[in-house]
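Notes follow once the structure below has been shown.
Please read all numbers here as calculations on a predicted model, not as lab measurements.
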Amino acid sequence: QVHVVESGGGSVQAGSSLRLSCAASSGYPFNTFFMGWFRQAPGKEREGVAAIDNRGFTTYKDSVQGRFTISRDIPRHTLYLQMNNLKSEDTAMYYCAADLWVVSGTGLTSEVYKYWGQGTQVTVSS
């Protein structure tokens, strides 16, 4: 019911910025979605990076707080992740996730989302 496609990944140097985009489509209004950004590095489990609920309230993983910003462009049905001051530890495949309803307080938990994009690679070099 919800299709998401990520873009904007790339290879950058530490300290640089990058903005990821996630284009979403469904039969429901975009601003009713619960959405999140997740990442997975080789050999590591997928982890929640940032999430935004249907009211626009945001949640961040502590290690990206103050550096990353999740936002929505409602008319364009697009979710963004602005990543500033990137570190080598941020290197991972980044995924956009969406669902029509998520229990409050679980936005950074991957298991609560039904719909996922294919991912966009972010590589940060020192």
Any side-chain donor-acceptor pair under 3.5 Å between Tyr80 and Arg19? no
Same cluster or not: Met83 versus Phe38, using hydrophobic residues (I, L, V, M, F, W, Y) connected whenever any side-chain heavy atoms lie under 4.5 Å apart? no
Tyr113 ring center near Phe34 ring center (under 6.0 Å): no
Rounded to the nearest 0.5 Å, what separation is found between the CG atom of Asp53 and the OG1 atom of Thr32? 11.5 Å
Mind checking whether Trp101 and Lys114 have side chains closer than 4.5 Å, heavy atoms only? no
For the residue pair Leu20 and Val122, establish whether any side-chain heavy-atom pair is separated by less than 4.5 Å. yes
Is it true that Phe57 and Val112 fall in one hydrophobic cluster, defined by side-chain heavy atoms closer than 4.5 Å? no
Considering only heavy atoms from C-beta outward, does the side chain of Arg46 approach that of Tyr95 to under 4.5 Å? yes
Donor-acceptor contact present, side-chain Tyr60 to main-chain Ile70, <3.5 Å: yes
Using only atom types and a distance under 3.5 Å, with no angle test, would you say the side chain of Glu6 pairs donor to acceptor with the backbone of Cys96? yes
Asn84 side chain to Ser17 side chain, donor-acceptor N/O pair below 3.5 angstrom: yes
So does Val102 get a backbone contact from the side chain of Asp99, meaning a donor-acceptor N/O pair under 3.5 Å? no
Quick check: is Trp116 connected to Val2 through a chain of hydrophobic side chains (ILVMFWY, heavy atoms under 4.5 Å apart)? no
Does atom CD of Gln65 have more than 12 heavy-atom neighbours, drawn from other residues, nucleotides or ligands, at distances under 6.0 Å? yes
Tyr94 (side chain) donor-acceptor with Val49 (main chain) under 3.5 angstrom: no
Please examine the side chains of Met35 and Val4, heavy atoms only from C-beta on, and report whether any two atoms are closer than 4.5 Å. yes
Closer than 3.5 angstrom, by distance alone: can the side chain of Arg76 be matched with the main-chain N or O of Arg72 as a donor-acceptor pair? no
Rounded to the nearest 0.5 angstrom, the CG-OG distance for Leu79 and Ser71 is 7.0 Å
Closer than 3.5 angstrom, by distance alone: can the side chain of Ser26 be matched with the main-chain N or O of Tyr28 as a donor-acceptor pair? yes
Can the ring centres of Phe68 and Trp37 be said to be less than 6.0 Å apart? no
Any sub-3.5 Å donor-acceptor pair from Thr123's side-chain atoms to Ser11's backbone N or O? no
Quick check for you: to the nearest 0.5 Å, what is the distance between Arg39 atom CZ and Glu89 atom CD? 9.0 Å
Heavy-atom side-chain proximity of Ser7 to Thr120 below 4.5 angstrom: no
Residue pair Asp73 / Pro75, side-chain heavy-atom distance below 4.5 Å: yes
Rounded to the nearest 0.5 Å, what's the gap from CE on Met93 to NZ on Lys44? Could you check? 15.0 Å
Sub-4.5 Å side-chain heavy-atom contact between His77 and Ser25: no
For residues Tyr115 and Phe33: do they belong to one hydrophobic cluster (side chain heavy atoms under 4.5 Å, members Ile, Leu, Val, Met, Phe, Trp, Tyr)? yes
Quick check for you: to the nearest 0.5 Å, what is the distance between Glu47 atom CD and Ser63 atom OG? 6.0 Å
Arg67 side chain to Asn85 backbone, donor-acceptor under 3.5 Å: yes
Working to the nearest 0.5 Å, report the span between OG of Ser126 and NZ of Lys87. 11.5 Å
